[in-house]
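Let me begin by presenting the structure, written as structure tokens, before commenting on it.
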Amino acid sequence: MKRMIKNVAFFGVGLVGGIVFMIYRCGYILENCHKRTDKFISYFNLLERWMICREQNYSFTQFFDENHIKSVAVYGMGKIGKHLKYELEKAGIAISYVIDEGENVVYGKEEHYNLRDRLPTVDIVVVTPVYEYEEIKKKILNNNNRLKVVSVESLIGK
């Protein structure tokens with residue numbers, strides 16, 4: 001009899017523990033899904049504004065001319081970074097170097113750095129991962145506090 005009560009108690013504790021674990025795990029999964037959703041919404045909104053600018057014949061050269069920017073570095077060579085690089089090159093704006101954590105990837109003629117490196121001075125560093133902009137900006141400025149760091153969003157307006 002004692003053994004049966006003991007087994008039922010262990011089963012109950014295991015069941016409750018399993019339920020608590022599953023609730024925790026589901027919450028973690030939902031939180032990650034929510035973060036990914038927010039990230040993709042921010043990229044969608046960025047690309048929407050970018051397309052509106054293109055439709056209205058706004059050029060990145062206007063931003064660079066108005067702010068007297070001659071040298072540019074681009075952080076993040078994902079999809080947004082590659083589109084930005086193309087737009088800048090098309091407008092005749094040279095990219096001094098790129099900053100990306102993918103160390104084994106060759107991007108073209110630009111020099112490649114990562115966040116651990118001491119970065120050469122440029123007029124502006126454009127960060128393309130808009131969802132992580134504030135975090136990336138802090139990391140860049142930790143080692144290179146004289147650089148001006150902006151989000152790609154500031155190039156196309158809000």
Side-chain angles (χ1 to χ4, degrees), residues 19-158:
I19 290 171
V20 169
F21 174 77
M22 290 306 295
I23 291 171
Y24 170 77
R25 185 73 180 133
C26 288
Y28 178 77
I29 291 169
L30 288 173
E31 182 180 335
N32 283 342
C33 288
H34 184 69
K35 285 180 183 178
R36 286 180 53 92
T37 301
D38 289 346
K39 178 180 177 177
F40 288 123
I41 288 172
S42 69
Y43 286 129
F44 174 81
N45 290 331
L46 170 71
L47 292 173
E48 170 68 11
R49 288 193 312 273
W50 196 332
M51 291 304 298
I52 290 170
C53 288
R54 291 200 68 169
E55 291 165 358
Q56 296 173 351
N57 294 321
Y58 173 82
S59 171
F60 288 117
T61 56
Q62 290 172 274
F63 176 87
F64 290 94
D65 290 341
E66 290 168 1
N67 293 289
H68 310 291
I69 296 170
K70 304 291 182 214
S71 57
V72 180
V74 176
Y75 177 93
M77 291 308 292
K79 294 189 185 316
I80 302 290
K82 290 175 184 171
H83 289 294
L84 176 65
K85 182 176 182 257
Y86 171 79
E87 290 280 336
L88 293 176
E89 288 173 346
K90 186 175 108 183
I93 299 168
I95 298 173
S96 300
Y97 58 89
V98 297
I99 310 163
D100 198 278
E101 299 304 305
E103 297 183 31
N104 297 327
V105 181
V106 178
Y107 298 107
K109 61 184 181 260
E110 299 86 15
E111 291 185 52
H112 170 250
Y113 294 91
N114 62 44
L115 289 178
R116 294 181 304 275
D117 297 330
R118 191 106 177 115
L119 303 174
T121 302
V122 290
D123 293 332
I124 195 166
V125 176
V126 181
V127 176
T128 61
V130 294
Y131 189 71
E132 297 98 5
Y133 169 67
E134 290 298 329
E135 179 184 326
I136 292 167
K137 179 180 177 180
K138 286 177 188 174
K139 288 179 181 178
I140 291 172
L141 293 177
N142 276 345
N143 292 335
N144 310 279
N145 59 0
R146 295 181 184 221
L147 293 174
K148 180 179 180 184
V149 181
V150 298
S151 172
V152 68
E153 287 179 306
S154 63
L155 299 181
I156 60 174
K158 297 264 177 180

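Just so it is clear, the values below take in all heavy atoms, side chains as well, and ignore hydrogens, waters and symmetry mates. Counting from 1, the numbers follow the sequence of the chain as shown.
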Find the distance between [atom1] ([X]) and [atom2] ([Y]) and round it off to the nearest 0.5 Å.
X	Y	atom1	atom2	value
Arg49	Arg54	CZ	CZ	16.0 Å
Met77	Ile99	CE	CD1	11.0 Å
Arg116	Lys139	CZ	NZ	10.5 Å
Ile41	Tyr131	CD1	OH	9.5 Å
Ser154	Asn67	OG	CG	8.5 Å

*Which is it for Val127 and Ile140 under the side-chain contact (heavy atoms from CB on, under 4.5 Å) test, yes or no, and what are the steps along the way?*
CA-CA 10 Å; Val127 176; Ile140 291 172; 4.2 Å; yes
Q. Would you call Lys85 and Glu89 a salt bridge, using N to O less than 4.0 angstrom?
A. yes
Indicate the atoms forming the closest heavy-atom contact of [X] with [Y], along with that distance.
X	Y	result
Ile136	Pro129	CD1-CG, 3.7 Å
Tyr43	Thr128	CE2-O, 3.9 Å
Pro120	Leu147	O-CD2, 3.8 Å
His112	Asp100	NE2-O, 3.1 Å
Val122	Ala73	CG2-CB, 4.0 Å

Quick one: does [X]'s side chain get under 4.5 Å of [Y]'s, heavy atoms only?
X	Y	answer
Val74	Leu88	yes
Tyr75	Val149	no
Tyr97	Asp117	no
Glu87	Trp50	yes
Leu84	Leu155	yes

| task | Report the C-alpha separation of Tyr113 and Asn144 in whole Å, then their side-chain angles, then the decisive distance to 0.1 Å, and conclude whether the side-chain contact (heavy atoms from CB on, under 4.5 Å) test is met. | result | CA-CA 13 Å; Tyr113 294 91; Asn144 310 279; over 6 Å; no
Do any N or O atoms from the side chain of [X] and from the backbone of [Y] form a donor-acceptor pair under 3.5 angstrom?
X	Y	answer
Asp123	Ser71	yes
Asn45	Ser42	no
Asn143	Leu119	no

